[in-house]
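Note on naming: letters A, B, ... go to the chains in the order of the sequence lines (proteins, then strands), and numbering restarts at 1 for each one. All figures in this text were calculated on a predicted structure; none of them were measured in a lab.
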Amino acid sequence: MRALLNLFKRFSIITVVPRNGFSNSSFLCASISSSTSSPRPVELIQSKTTNQIALSISSALQKCTNLSSVKKAHAKTFAFGLQHDKHLSIKIAILYVSFDKVDTANIVFESTPNPSSCFWNNMIRGYATEGQFGRSLGLYNKMLQEGLIPDKFAFPFALKSCAGLSNLQLGKLVHQHLLCCGCTDDLFVNAALLDMYAKCGDVEIARLVFDKMAVRDLVCWTSMISGYAHNGYNSETLEFFNLMRGSGVKPNRVSLLSVLLACGSLGALRKGEWFHNYAIQTGFANDILVVTAVMDMYAKCGSLDLARGLFNEAAGKDVVCWSSMIACYGIHGDGRKAIDLFDAMLEAGVSPNHVTFTCVLSACGHSGLLEEGRRYFKLMKEVFRIAPKLNHFSCMVDLLGRAGQLDEAKNLIENMPVKPDATIWGSLLGACRIYGNLYLAERVADVLFHLDPLQSGYHVLLSNIYAAKGRWNKVEMVRNLMARIGANKIQGFSLIELNDRVHRFSAGDRSHPQSDGILSKLEELAAKMKRLGYVPLTDFALHDIEEEGKEEALSYHSERLAIAFGLINTNPGTAIRVTKNLRICGDCHNAIKFISKIVKRIIIVRDMHRFHHFEDGACSCRDYW
DNA sequence: GTAGGGTTAG
């Protein structure tokens, strides 16, 4: 025991960033101050009658099926002076927790002298389950301060709370605790541990935990697959699904949700369809969670109609399902349909939440519906009493900025009750580029360079604004600044699915086995485009807009390579679907319009923010993106 | 007494 406490003493020197209502600086400090828990008070000698009353309350508690019956039993303990009875208190508190009344449970807990480990664990669980992660960890910390050693029932919830806060540092600390406490073989502890690492973004360590586990159940597999999917490890998600089936573990709805998410992110329609069929065969066709995920997958793979078909057929549509379909219309640039669906949702008696409004406002932004956006923003605040979050302000700033209302957008940022982040200012800087407002751009860039100095995108934007005004000396200055500080460049890439395989291209990529064919296709297209009047947008303002390396010619941007690859490998008339990780550049957007006309194909490109459906020389975004 | 889940800005 002393060795264990000494180990805890060492943990206390680890500095942890304080957040969410409890201070970590003293985290676990007091766990070493008391070497053993204080002696229990001698039980009061109770009369036989009191014991009988306690037994009767205890039996009543076992039959409690609703909150009011718990309250009644709780009141009885006061009436008979049994409010400090430890056995009754814990039962009452656990029941309060089960009816989502963790704060009431905490009042009972606070008034119980020397609560047992079981009681502490249930309180830590209660707060973790209710999403009050800071409070849950605050209690975990306090339990250690009281000299109690956490056990296998405390760790899953302490870890869940670390995961909920995405606080990897705290998670690692709790990991050390469980190593010291010898809880390394418990299935639940390990499942929570791998989930914590996955939710905090460290998928590799999560996988190490998974691989080390002697026994694994379905939850561990699904937690791992969900970790891959939610951290953008899309191919790994699909591989892991196969591994799971190969190991004789039958995939469930949670693993299906993960693979569908991965297919959507990859834009892998064929694979997505396969999983949709699999979901039907395995009896999930009417599961609203799976249906929503399938819908989302189809929309993200460019098939809006398939998504809408499923939505129409779905029974028991809830707010998530409605919001999801609204978001689908939004990313496809059909703001009107998004709004119509929102109104239909209200008529169906489903209440919108803050996500629904994010979807609606974003849809207005993608379609340039300025007045509608303003109206829904007001509706959210005044009728639905939903306080706007950063997401909503971000949508509004984007909407106002793109519509040319730069001053209003700036005022909104300066007066919002939440702290504006770099991306919201970045959105305003983007609007300054569209409208050539150099005066405002310089001021906004100044804020941005302080907020996020290493993000090259903002430097590129400013330099493009200078270039459009012919201020070449300033362009040079920004470029030099970028080189000096070593701004991070995000490499652009595009994905295209062919015969069940997803192919990836980056700008100027010549590593693909079919590289020669791709380049000659692009040359052939370039000649035809020229004859039709295509002029490359060599204006520096549009060059390098998405950080794809200025040394690479525009014509070798990743989306063009992917499209050329699609053209030489598919039959005439087949639609080409490409997914890109950055925003499509102006020159590529223009070029693809020409290509769609020349090859007489529908070309669907999903960029970082939305879909572009190119057909017969035009794009569905009507050049508003 | 314990672990995993669908929608969301730029």
Side-chain angles (χ1 to χ4, degrees), chain A residues 90 94 97-98 116-126 128-129 151-160 163 183 186-196 198-199 216-227 229-230 252-258 260-261 264 284 287-297 299-300 314 317-328 330-331 352-363 365-366 388-399 401-402 420-431 457 583 608-610:
Chain A
I90 187 169
I94 289 174
V97 166
S98 70
S116 61
S117 279
C118 179
F119 208 159
W120 281 98
N121 293 341
N122 272 292
M123 292 311 300
I124 294 166
R125 170 173 74 108
T129 311
D151 63 10
K152 64 175 187 172
F153 293 104
F155 290 125
F157 300 107
L159 289 164
K160 185 189 173 86
C183 284
D186 185 79
L187 176 64
F188 289 80
V189 172
N190 280 316
L193 186 65
L194 95 80
D195 193 55
M196 180 279 292
K199 288 224 170 70
R216 303 181 195 107
D217 66 357
L218 184 61
V219 175
C220 301
W221 283 91
T222 52
S223 194
M224 193 63 235
I225 199 169
S226 162
H230 285 95
N252 61 351
R253 68 189 329 207
V254 186
S255 40
L256 264 173
L257 299 175
S258 297
L260 289 164
L261 179 68
F284 291 104
D287 183 314
I288 193 66
L289 276 83
V290 175
V291 171
T292 305
V294 174
M295 242 172 66
D296 181 62
M297 176 277 295
K300 290 210 172 105
K317 290 189 267 285
D318 60 5
V319 62
V320 179
C321 187
W322 282 93
S323 305
S324 177
M325 194 64 228
I326 292 170
C328 294
I331 54 169
N353 61 17
H354 68 101
V355 178
T356 321
F357 278 104
T358 303
C359 301
V360 172
L361 294 174
S362 160
H366 287 309
K389 296 185 184 197
L390 192 63
N391 283 1
H392 307 106
F393 284 109
S394 192
C395 291
M396 283 311 288
V397 167
D398 194 57
L399 172 64
R402 283 182 200 281
D421 64 356
T423 57
I424 205 164
W425 285 105
S427 181
L428 184 57
L429 187 62
R583 210 178 77 107
M608 192 182 186
H609 297 308
R610 58 164 300 152

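With hydrogens and angles ignored, no donor-acceptor pair under 3.5 angstrom links the side chain of S427(A) to the base of dG10(B). Remark: the D318(A) side chain and the dG6(B) base include a donor-acceptor N/O pair separated by less than 3.5 Å. Side-chain atoms of S223(A) stay outside donor-acceptor range of the base of dG4(B), with no qualifying N/O pair under 3.5 Å. With hydrogens and angles ignored, a donor-acceptor pair closer than 3.5 Å exists between the side chain of T423(A) and the base of dG10(B).
Checking the phosphate oxygens (OP1, OP2) of dT7(B), no side-chain nitrogen or oxygen of K317(A) falls inside 4.0 Å. Dashed line: the shortest gap from a side-chain N or O of H230(A) to OP1 or OP2 of dG6(B) is under 4.0 Å. Close to dT8(B), at under 4.0 Å from its OP1 or OP2, lies no side-chain N or O of H392(A).
Between atom NE2 of residue H230(A) and atom NZ of residue K199(A) there is a gap of 8.5 Å, rounded to the nearest 0.5 Å.
Here the nucleotide nearest the side chain of C321(A), chosen from dT2(B), dG6(B), dG4(B), is dG6(B). The side chain of H354(A) has dT8(B) as its nearest neighbour among dA9(B), dA3(B), dT8(B). With dT2(B), dG4(B), dG10(B) as the choices, the nucleotide that has an atom nearest any side-chain atom of S394(A) turns out to be dG10(B). Between dA9(B), dA3(B), dG4(B), one nucleotide has an atom nearer to the side chain of T222(A) than all others, and that is dG4(B). Checked against dG4(B), dA3(B), dG6(B), the side chain of L187(A) finds its nearest nucleotide in dA3(B). In this structure, the nucleotide among dT7(B), dT2(B), dA9(B) sitting nearest to the side chain of T358(A) is dA9(B). With distances taken from any side-chain atom of A191(A) to the nucleotides dG1(B), dA3(B), dG4(B), the minimum falls on dA3(B). Distances were taken from every side-chain heavy atom of S323(A) (C-beta onward) to each of dG6(B), dG1(B), dT7(B); the shortest belongs to dT7(B).
Rounded to whole Å, the distance from CG on N391(A) to C1' on dT7(B) is 12 Å. Here dT2(B) presents its P atom at 15 Å from CD1 of I124(A), a figure rounded to the nearest Å. Between R583(A) atom CZ and dA9(B) atom C1' there is a gap of 15 Å when expressed in whole angstrom units. In this structure, H609(A) atom NE2 and dG10(B) atom P are separated by 6 Å, rounded to whole Å. The distance between atom NZ of K160(A) and atom C1' of dA3(B), rounded to the nearest whole Å, is 8 Å. Spacing between atom CG of L261(A) and atom P of dG4(B) amounts to 17 Å, rounded to whole angstrom units. Between the CZ atom of F155(A) and the C1' atom of dG1(B) there is a distance of 15 Å, given to the nearest Å. Whole-Å rounding puts the M295(A) CE to dT8(B) C1' distance at 13 Å.
Counting any heavy atom pair closer than 4.0 Å across all strands shown, N190(A) reaches no nucleic acid atom. Among the protein residues, D421(A) comes within range of the nucleic acid bases, having at least one heavy atom under 4.0 Å from a base atom. Within the nucleic acid shown, D398(A) comes within 4.0 Å of sugar-phosphate atoms alone, with no base atom in reach, counting heavy atoms only. If you check every strand for non-hydrogen atoms under 4.0 Å, K152(A) touches a base. Note on F157(A): only backbone sugar-phosphate atoms sit closer than 4.0 angstrom, heavy atoms only; bases stay farther off. Within the 4.0 angstrom heavy-atom criterion, base atoms lie near L218(A). Within 4.0 Å (heavy atoms only), S324(A) reaches sugar-phosphate atoms of the nucleic acid but no base atom. Residue contacts shown for N353(A) are absent, as no nucleic acid heavy atom lies under 4.0 Å away.
Among the candidates V355(A), T358(A), I424(A), L361(A), the single residue satisfying the side chain to side chain contact (heavy atoms under 4.5 Å, CB included) test with N391(A) is T358(A).
Take R402(A) and apply the salt bridge (Lys or Arg N to Asp or Glu O under 4.0 Å) test, not counting sequence neighbours, and it matches D398(A). For the side chain to side chain donor-acceptor pair (under 3.5 Å) test, no residue two or more places apart in sequence or in another chain qualifies with D318(A).
Remark: the backbone N or O of V320(A) is not paired with any side-chain donor or acceptor of S324(A) at under 3.5 angstrom. No side-chain donor-acceptor contact under 3.5 Å links H366(A) to the backbone of A363(A). Of the possible polar contacts, one joining the S116(A) side chain to the F119(A) backbone as a donor-acceptor pair under 3.5 Å is found.
With centroids closer than 5.5 Å and planes inclined by less than 30 degrees as the test, F153(A) and the base of dT2(B) fail to qualify as a stacked pair.
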